[in-house]
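Labels below follow one simple rule: chain letters A, B, ... track the order of the sequence lines, proteins then strands, and each chain is numbered from 1.
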There are 2 protein chains.
Amino acid sequence: MIDRKSSIPYYCQLMEIVRQQIAAGMLKEGQRTPSEFEFSSAYRVNRHTVRQAIGELCRAGVLYKLRGRGTFVAKPPVDLVEYRLSPKNRFTENIRQSGRTPGSRLLAWQEVTAPVQVAEALGLTADERVYVLDVLRLVNGQPFLFSKVYLPAGRLPELADRVADFRSLSVIYDAYGLSPQRVKSVFRASFPGQEETAALDIPANLPVLKVESVLKTQDDVLIEYSVACYRGDFAKISVDW
Amino acid sequence: MIDRKSSIPYYCQLMEIVRQQIAAGMLKEGQRTPSEFEFSSAYRVNRHTVRQAIGELCRAGVLYKLRGRGTFVAKPPVDLVEYRLSPKNRFTENIRQSGRTPGSRLLAWQEVTAPVQVAEALGLTADERVYVLDVLRLVNGQPFLFSKVYLPAGRLPELADRVADFRSLSVIYDAYGLSPQRVKSVFRASFPGQEETAALDIPANLPVLKVESVLKTQDDVLIEYSVACYRGDFAKISVDW
DNA sequence: ATAGGGATCTTGTCTAGACATCCACATTCG
DNA sequence: CGAATGTGGATGTCTAGACAAGATCCCTAT
């Protein structure tokens with residue numbers, strides 16, 4: 001119940017109550033919470049006060065709201081997956097080694113003129129064409145990372161045919177007899193963009209780890225530029241020296 | 001002005017107005033904005049509507065509020081600093097090479113029994129003693145990273161004396177004739193903890209990049225475990241392979 | 001059977017007003 | 001001169017009530 005004599009604001013008290021109800025299992029993951037009106041009458045506070053409490057809990061990632069449907073308990077953060085990054089590593093094997101099930105989906109692809117930073121990273125001329133692949137990778141069926149992969153069209157002839165029946169990037173490279181190596185990776189922490197929140201199915205306020213990589217072939221030809229976006233609450237990336 | 005016929009909520013319109021005023025230079029960095037009451041009467045909307053707009057802009061990092069003082073325009077995000085991480089690199093030289101001015105401050109230190117994850121990482125027994133150094137590193141005078149550095153007391157005799165007149169970690173290692181190498185680094189994106197928000201002087205909702213590192217001496221003795229917390233809007237970390 | 005139209009429940013936005021709390025500054029009292 | 005006090009202005013919290021808009025379900029008319 002709300003302590004009306006406490007110096008703690010009602011909405012903070014209510015937040016604490018909801019948190020405890022979740023911890024105690026009275027409210028379970030994915031389950032609908034009482035409506036704002038129900039909270040309001042149950043705890044004898046104004047609906048706006050309830051909204052303030054729920055709003056804060058949503059921003060904290062504890063709850064989420066669906067307009068017209070109700071408010072729900074968010075999924076608890078998943079187990080951290082340690083992803084070992086090395087010059088030569090493949091997502092599928094990497095995840096399998098940690099005893100989990102990898103997955104890969106091509107969400108979209110197109111051929112475009114290379115954006116500036118891509119052309120720069122791969123040493124392309126300004127008007128060169130690149131393929132852009134939007135790839136989603138899953139771990140145990142859950143979205144793990146979303147990446148935009150840029151491949152220079154000029155260096156990979158007939159790529160369109162290979163992309164058609166996409167299974168994984170490795171398969172495509174194998175078809176060309178290539179086994180690319182990482183040249184450089186850049187790590188950043190930020191919030192996800194719109195595309196990334198949609199692809200990873202995460203709230204916009206969840207921090208993500210962005211990793212920008214450049215890969216080359218065994219002949220030192222730059223062959224891939226990619227920006228990967230990892231769920232901050234899901235992934236940690238390790239590097240051995 | 002607020003368009004009363006628009007389907008866009010007033011508070012969203014007001015957010016856009018404030019953003020544009022900042023972009024146009026009518027409101028400058030650090031400057032106080034009109035008060036909630038002034039906004040309210042200037043745009044003929046309720047103070048709560050103003051509060052909603054300002055609240056959103058604060059969460060977005062555009063403004064910040066000081067109770068009893070007013071609302072202010074936040075500093076624009078600083079230039080990204082690319083920090084090159086390699087097995088053997090020193091903060092000071094690293095930053096200097098990029099044409100910026102490095103700084104280092106020891107905020108606190110103490111001797112404690114090694115926490116579990118530290119003992120594990122460094123291969124210590126459960127009751128071994130470690131020094132914990134809270135180090136803040138600056139770039140151009142601004143907080144760049146905050147790290148907790150754990151050094152095994154048993155492997156660095158008389159460390160307390162060296163810590164007393166701290167200038168930088170490198171200096172301490174030099175005094176022992178050591179030049180440690182990175183063994184492993186783990187990257188994560190998350191929100192800062194309380195200690196980190198305070199040390200870096202950042203809001204709690206700014207994503208940070210956490211890097212956990214293990215270092216060894218040239219004789220393959222594990223000598224340092226550290227957790228560094230980089231400002232997400234300030235730092236990007238690059239790794240060459 | 002199915003498409004359409006409410007009824008109803010949900011969250012979203014907005015207004016009006018009140019009092020609390022904190023801060024900076026000026027004034028007053030010792 | 002210095003400390004305490006007061007005052008005005010700022011944000012913080014809370015209430016009461018209203019209407020809008022999205023989602024779901026059921027019932028009805030075709």
Side chain of B/R51 only, please: which of C/dG12, D/dC14, D/dT11 is the nearest? D/dT11
Between A/G68 and A/C12, the residue closer to the 5' end of DNA chain D by nearest nucleotide is A/C12
For A/K65 and D/dA21, give me the distance from atom NZ to atom C1', rounded to whole Å. 15 Å
Is there, by distance only and without an angle test, a donor paired with an acceptor across the side chain of A/R47 and the base of D/dG17 below 3.5 Å? no
For A/R100 and A/V81: C-alpha separation, side-chain torsions, deciding distance, then whether side chain to side chain contact (heavy atoms under 4.5 Å, CB included) applies. CA-CA 9 Å; A/R100 284 172 252 249; A/V81 176; 3.9 Å; yes
Distance flag, aromatic centroids of B/Y150 and B/Y131, threshold under 6.0 Å: no
Distance in angstrom units between A/Y64 OH and C/dT10 P, rounded: 16 Å
Earlier contact from the 5' end, DNA chain D, for A/R69 and B/R69: B/R69
Length of the CZ-P vector between B/R32 and D/dT11, whole Å: 7 Å
A/L57 and side chain to side chain contact (heavy atoms under 4.5 Å, CB included): which partner among A/V73, A/L63, A/T71? A/L63
Judged by modelled atom types alone, do A/S213 and A/S185 share a side-chain donor-acceptor pair under 3.5 Å? yes
Distance in angstrom units between A/Y10 OH and C/dC19 P, rounded: 14 Å
Please determine whether a side-chain nitrogen or oxygen atom of A/T71 lies at a distance below 4.0 Å from atom OP1 or OP2 of C/dT10. no
Base, sugar-phosphate, or nothing for B/R67, non-hydrogen atoms under 4.0 angstrom? base
From CD of A/E36 across to P of D/dC14 the rounded distance in Å is 16 Å
Here's a test of your reading of the structure: between A/S35 and B/N46, which maps to the more 5' nucleotide of DNA chain C? A/S35
Separation of atom CD1 in B/I2 from atom C1' in C/dT13, rounded to whole Å: 13 Å
Has B/R137 got its NZ or CZ under 6.0 Å from the middle of the six-membered ring of B/F91, at an angle within 45 degrees of the ring axis? yes
Between D/dA10 atom C1' and B/F39 atom CZ, what is the distance in whole Å? 14 Å
Spacing of B/Q13 atom CD relative to C/dG12 atom C1', expressed in whole Å: 15 Å
Do the side chain of A/H48 and the base of D/dG17 come within less than 3.5 angstrom through a donor-acceptor pair of N or O atoms? yes
Side-chain atoms of A/R4 come closest, of D/dG12, D/dT15, D/dC14, to D/dT15
Is the phosphate of D/dT15, meaning OP1 or OP2, less than 4.0 Å from a side-chain N or O of A/T49? yes
Is A/F37 touching bases, backbone alone, or none of the nucleic acid, heavy atoms closer than 4.0 Å? nothing
